[in-house]
J.: 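This is the structure I want to talk about, given as structure tokens.
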Amino acid sequence: MDLVENYREELRFARKPLGRSLLVLLLLALAVLPWWCPSGWLARASMVCLLAIGVIGQNLLIGYSGLISFGQAGFLAIGAYAFGHLRIAGVPFPVALLAAGVAAGLAGYLVGFPSLRLKGPYLAIATLGFGTATYQIFANVEWLSGGRAGLSIPPLQPPFGIARDTWVYLLYYVIFLVFTGAAYNLVSSYVGRALVAVRDSDIAAESMGVNLSRTKLLAFFISSFYTGVSGALMAQYLGHLEPQAFNISESMNFFVAVIVGGLASIEGSIFGAAFVVLVPALLGSLRWAVPVLFGTAILSVLIFEPLGLAGMWLKTRLYFRLWPFR
Amino acid sequence: MGEALLEVRDLTLRFGGITALGGVSLSIAPGETLAVIGPNGSGKTSLFNCVTGLYKPTSGSITLGGESLLGLSPDRVTARGVARTFQNLRLFLHMTVLDNLMLGRHLHFRKNILAAAMRVRDEEVRHRAKVEEIIEFLDLEAWRDSRVAGCAYGVQKRVEIGRALATEPRLLLLDEPVSGLTAEEKEEVSYWIHEIRGRFGVTVLLVEHDLRVASRLAQRMVVMDRGLKLTEGTPEEVQRHPGVIRAYLGDQ
Ligand SMILES: Nc1ncnc2c1ncn2[C@@H]1O[C@H](COP(=O)(O)OP(=O)(O)OP(=O)(O)O)[C@@H](O)[C@H]1O
Ligand SMILES: [Mg+2]
């Protein structure tokens, strides 16, 4: 039946030939980044990849489900430490990575329970409390955090004599693509539809057969799974873990990335991650100005472009789609 | 009345000192269209909210096809075959018309999150066919991919009816489906409500302020006043009732 084929066609990713070709070109260019980008920037590119996964997780929660969390650093820490301990125990990288995601996901599931009762600012405070408590626990329980010496994570062994930073980038790039692809698929499926429905009108959603508790807990699980994976990749990247890396300003970084990148947008999450990594790097010796700049960025987005960088990107695309007629 | 689809008995609902419903009983036979009329604040919407599980009644019973609906969460009530529209629209404003209707299919989806993450879309395609049927029935083709927030009020009202139909209900509750519409739109919506019964085999419970519309669509009417059932009967019987004349026109 050609109607059915039609529906199927509409559900494909990057449907238009031009868009698809440009996307493939971009992905290829990024795949060979180690061979053309200036030295020093490759590590930052790895950082963007790993952070983008966490920002997507945060966006699934805030942007798509309308559930606020200021405790992302807590999930990040759980993912990072779970990964660290498993790696030290000799567990292979992919298994440790997934386990870190699951550990953070389960923590998110539990933290999600208050969200069944609390809304808006109250949920923000509850999650902030979770983030702070997790930080305190890691800072004070020595067998978890490795005491004063911290936790050293065995480095990755690149195969075929590839340089280590090249190998890390390629690995992180592939993982980033997998998680980004899965996120696109999820938000365009019945899952994403239910999340957005609960955000737009919880009463209508449950009156149409969406189970509110299950949907909100699922949102928390997926979101913190992504954040946990991001934390694990960060742990491997840093090679050394100290609780200080997971304080409240890390939660704020995620928040800035989501708002500046654009709520309820996967592309936006990637732009946002790039923003919070690359802007401080570009500022160089003016690094002290970063918090001011982030604050200004949030305010300007909220005032001038509520859809963030993703909104600007959308407008640019519309402009060219209508070009030359405008 | 063993064959009633919905049976409400002695339903009471209190908010602190306010008695929104003071012991209301009514029943609907399968295939029937029943209209509930009454002045503002008489408890019509509260009745709907109790049936759909949004309000917990203080006392009384509600059964659908002989099984109690009391204590079920709204999504479970919907899964039993009850769908509704809202008096002041509650649409998913940031979704397209198509996605609003697809959400109505949510409870019929075979859910598999890993398949969803890998872009297996067989379920989407299967349910899309059903939704297209509704889109065609309600003449929504032109708005299929528009965001609901940008649609005219009349279109939004239609989308809400379509979304409720998409759940494949046995019982459809419509809370003032033609209020706020132009005369022409009222005609259209009345026609659709009439057609729904035949085409989708749905039993309809309708709240309506407009007595003319209500008496045209419904075989039977229940009149409410201040949380109580004033009377019930055919539209002709009801309109002759002195209490109804008083409630609608005031004490001369
Ligand atoms: N959530 C609530 N909290 C407190 N009182 C309520 C609540 N919902 C309804 N009521 C009260 O119950 C009574 C009945 O209201 P309801 O909305 O059911 O009337 P209605 O017949 O639908 O009126 P209308 O024709 O204006 O829609 C009103 O006095 C209203 O103030
Ligand atoms: Mg009402």
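By convention in this document, chain letters (A, B, ...) are assigned in the order of the sequence lines, proteins followed by strands, and residues within each chain are numbered from 1. Everything quoted here is computed from the prediction, not taken from an experiment.
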J.: Flag the one option from Thr52(B), Leu54(B), Thr167(B) with the top tally of heavy-atom pairs under 4.5 Å to chain A.
T.: Leu54(B)
J.: For chain B, which candidate among Ala205(A), Ser188(A), Gly192(A) shows the most heavy-atom pairs at distances under 4.5 Å?
T.: Ser188(A)
J.: Start with the C-alpha distance between Leu181(B) and Tyr153(B), add both sets of side-chain angles, then the distance that settles side chain to side chain contact (heavy atoms under 4.5 Å, CB included), and finish with yes or no.
T.: CA-CA 8 Å; Leu181(B) 297 181; Tyr153(B) 186 72; 4.1 Å; yes
J.: Any sub-3.5 Å donor-acceptor pair from Thr78(B)'s side-chain atoms to Ser207(A)'s backbone N or O?
T.: yes
J.: Name the option with the most non-hydrogen atom pairs under 4.5 Å to chain A; the candidates are Met95(B), Lys111(B), Glu123(B).
T.: Lys111(B)
J.: Is Lys44(B) salt-bridged to Glu208(B), going by a charged N under 4.0 Å from an acidic O?
T.: no
J.: With a 4.5 angstrom heavy-atom cut-off, could you sort out which part of Leu91(B) is near chain A: side chain, backbone, both or neither?
T.: backbone
J.: What part of Ala264(A) gets closer than 4.5 Å to chain B, counting heavy atoms only: side chain, backbone, both or neither?
T.: neither
J.: Does any backbone or side-chain atom of Asp122(B) lie under 4.5 Å from a heavy atom of chain A? Answer side chain, backbone, both or neither.
T.: both
J.: Is Phe113(A) close to Leu217(A) at the side-chain level, that is, under 4.5 Å between some pair of heavy atoms?
T.: yes
J.: Look up atom CG in Leu28(A) and atom CG in Leu23(A), then write down how far apart they are to the nearest 0.5 Å.
T.: 9.5 Å
J.: Determine the option with the most heavy-atom pairs under 4.5 angstrom with chain A, choosing from Arg105(B), Arg163(B), Met118(B).
T.: Arg163(B)
J.: Identify which part of His106(B) has an atom lying under 4.5 Å from any heavy atom of chain A, answering side chain, backbone, both or neither.
T.: side chain
J.: Under a 4.5 Å heavy-atom cut-off, does chain B meet the side chain of Val210(A), its backbone, both or neither?
T.: both
J.: Checking heavy atoms, do the side chain of Asn112(B), its backbone, both or neither come under 4.5 Å from chain A?
T.: backbone
J.: Is the distance between the ring centroids of Phe15(B) and Tyr55(B) under 6.0 Å?
T.: yes
J.: Between Pro74(B), Ala166(B), Ala164(B), who has the most heavy-atom pairs with chain A when the cutoff is under 4.5 Å?
T.: Pro74(B)
J.: Between Phe93(A) and Phe83(A), is the ring centroid distance below 6.0 Å?
T.: yes
J.: Name the residue from Leu171(A), Leu177(A), Ile175(A) that meets the side-chain contact (heavy atoms from CB on, under 4.5 Å) definition with Tyr173(A).
T.: Leu177(A)
J.: Go through Leu107(B), Val120(B), Asp99(B) and name the one with the most non-hydrogen pairs under 4.5 angstrom from chain A.
T.: Asp99(B)
J.: Could you go through the side chain to side chain contact (heavy atoms under 4.5 Å, CB included) check for Glu185(B) and Lys157(B) one step at a time?
T.: CA-CA 10 Å; Glu185(B) 288 170 330; Lys157(B) 282 217 100 121; over 6 Å; no
J.: For Ala83(B), is it the side chain, the backbone, both, or neither that has a heavy atom closer than 4.5 Å to a heavy atom of chain A?
T.: neither
